[in-house]
Amino acid sequence: MIYQPMPIEFYQQPTLDLAKALLGCLLVKESPEGAASGYIVETEAYMGAGDRAAHSFGNRRTKRTEIMFASAGHVYTFMMHTHTLVNVVSGLTNIPEAILIRAVEPCDGLQLIKSRRHRVKQAVNRTNGPGKLTEALNITQEDYGRLLTEAPIYIAAGFVPDQVESGPRVGIDNTGDARFYPWRYWISGNPYVSKTRKIKEC
DNA sequence: GGGAAGATTTCCT
DNA sequence: GGAAATCTTCCCG
């Protein structure tokens with residue numbers, strides 16, 4: 001491993017605190033062709049049973065959401081159309097909370113990231129979205145259920161952000177009041193934060 | 001066993 | 001700004 005992973009205790013803080021604490025941390029994925037990593041610059045918290053936007057709303061327990069009920073520090077990946085999205089499981093065991101990683105700033109493996117995202121010309125557009133960064137770092141369904149405290153996928157200390165902002169989450173327009181909860185966090189002014197999509201008003 | 005929906009991205013007009 | 005891409009899971013017959 002090229003970095004020292006965060007201890008398991010790091011993941012055992014309250015979910016909203018962890019969502020903020022993850023900003024500036026380094027997400028690392030080691031693959032046969034080499035390691036790629038990026039600083040986390042944007043996250044979204046999903047607060048389990050009481051959060052209508054969460055897959056685990058109402059303690060819905062399925063093959064897909066099963067890992068959300070596990071202890072904090074596990075990897076929750078799922079497919080969205082043609083893309084993989086990655087979450088950090090948080091909360092106590094049987095409390096199905098998780099944090100979606102929405103954007104990273106590339107650090108290691110720039111050539112790997114470039115080749116995996118060869119269709120994209122602008123560097124900034126290679127990792128500024130949840131489905132983009134998984135392709136850039138080669139995070140797949142094979143990582144589902146893995147622990148973030150050891151290779152090949154883990155999170156290490158990075159830098160402490162100057163300023164952090166929060167606001168409504170993205171892409172969950174049909175979830176009632178849950179769409180207004182300010183559980184999206186990002187590093188102020190960072191160019192790799194994903195573009196804010198217009199929230200539908202009715 | 002079929003059909004629908006989804007925490008997205010990309011290409012085309 | 002809109003639609004297609006194209007996969008898995010879940011729910012309902």
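- A/Tyr46 has its ring centre no less than 6.0 Å from the ring centre of A/His55.
- The CD1 atom of A/Ile67 sits 18 Å away from the C1' atom of B/dA7 (whole-angstrom rounding).
- With a 6.0 Å cutoff to the six-membered ring centre and a 45° limit on the axis angle, A/Arg52 does not count as a cation-pi contact of A/Phe57.
- Between C/dA4 and B/dA4, the distance separating the two P atoms is 15 Å to the nearest Å.
- Heavy-atom minimum distance, A/Met6 versus A/Thr149: O-CG2, 3.7 Å.
- With rounding to whole Å, A/Tyr144 atom OH is found 12 Å from C/dT8 atom C1'.
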Notebook entry, point to check: Do A/Glu44 and A/Arg169 pass the salt bridge (charged side-chain N to carboxylate O under 4.0 Å, His left out) test, and can you show the C-alpha distance, the side-chain angles, and the key distance before you say yes or no?
Noted result: CA-CA 7 Å; A/Glu44 278 181 4; A/Arg169 292 171 292 181; 5.4 Å; no

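- No side-chain N or O of A/Tyr192 forms a donor-acceptor pair with one of A/Glu42 less than 3.5 Å apart.
- Of the candidates C/dC11, B/dT8, C/dT6, C/dC11 carries the atom nearest the A/Arg60 side chain, counting heavy atoms from C-beta on.
- Ring-base stacking between A/Tyr46 and B/dA7 is satisfied, the centre separation being under 5.5 Å and the plane angle under 30°.
- A/Leu100 comes within contact range of at least one nucleobase, with a heavy-atom separation under 4.0 Å.
- The separation between A/Tyr76 atom OH and B/dG6 atom P is 14 Å, rounded to whole Å.
- Protein atom CZ of A/Arg102 is 7 Å distant from nucleotide atom C1' of B/dA7, rounded to whole Å.
- A/Asn138 and A/Ser31 share a side-chain donor-acceptor pair at under 3.5 Å.
- With both ends at atom P, the span from B/dA7 to C/dG1 equals 23 Å, rounded to whole Å.
- Using a 4.0 Å heavy-atom distance criterion, A/Arg126 is classed as making no nucleic acid contact.
- When each of B/dA7, C/dT8, C/dT6 is scored by its nearest atom to the side-chain atoms of A/Thr82, the top-ranked nucleotide is C/dT6.
- Distances shorter than 4.0 Å separate none of the side-chain N or O atoms of A/Arg64 from OP1 or OP2 on C/dC11.
- Checking A/Thr134 against A/Thr84 by side-chain atom types alone, no donor-acceptor pair falls below 3.5 Å.
- The distance between atom CD of A/Glu42 and atom C1' of B/dT8, rounded to the nearest whole Å, is 13 Å.
- Protein atom CG of A/Leu85 is 15 Å distant from nucleotide atom P of C/dT8, rounded to whole Å.
- Taking the side chain as every heavy atom from C-beta outward, A/Arg184 and A/Trp186 approach each other to under 4.5 Å.
- A/Leu26 is connected to A/Val75 through a chain of hydrophobic side-chain contacts under 4.5 Å among Ile, Leu, Val, Met, Phe, Trp and Tyr, so both are in one cluster.
- Stacking between A/His81 and B/dT8 is present: the aromatic ring centre lies within less than 5.5 angstrom of the base six-membered ring centre, and the two planes differ by under 30 degrees.
- Per the geometry, CG belonging to A/Leu133 stands 12 Å off C1' belonging to B/dT8, to the nearest Å.
- Side-chain to base pairing of A/His55 with B/dA7: one donor and one acceptor N or O lie within less than 3.5 Å of each other.
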Taking only N/O atoms, report every protein-nucleotides 10-13 of chain B pair under 3.5 Å with atom names and distance.
| unit_1 | atom_1 | unit_2 | atom_2 | d |
| --- | --- | --- | --- | --- |
| B/dT10 | OP1 | A/Arg117 | NH1 | 2.8 |
| B/dT10 | OP1 | A/Arg117 | NH2 | 2.9 |

Notebook entry, point to check: After noting the C-alpha distance and the side-chain angles of A/Glu33 and A/Arg116, does the key distance pass the salt bridge (charged side-chain N to carboxylate O under 4.0 Å, His left out) rule?
Noted result: CA-CA 11 Å; A/Glu33 64 268 31; A/Arg116 287 167 181 158; 2.8 Å; yes

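- A/Met79 places its CE atom 13 Å from the P atom of B/dT9, with the value rounded to the nearest Å.
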Note to self: Pairs counted only when both distances fall under 3.5 Å, Watson-Crick or G-U: show me the 5' to 3' dot-bracket for DNA chain B, [ ] for pseudoknotted crossings and | for other-strand partners.
What the structure shows: ||||||.|||||.

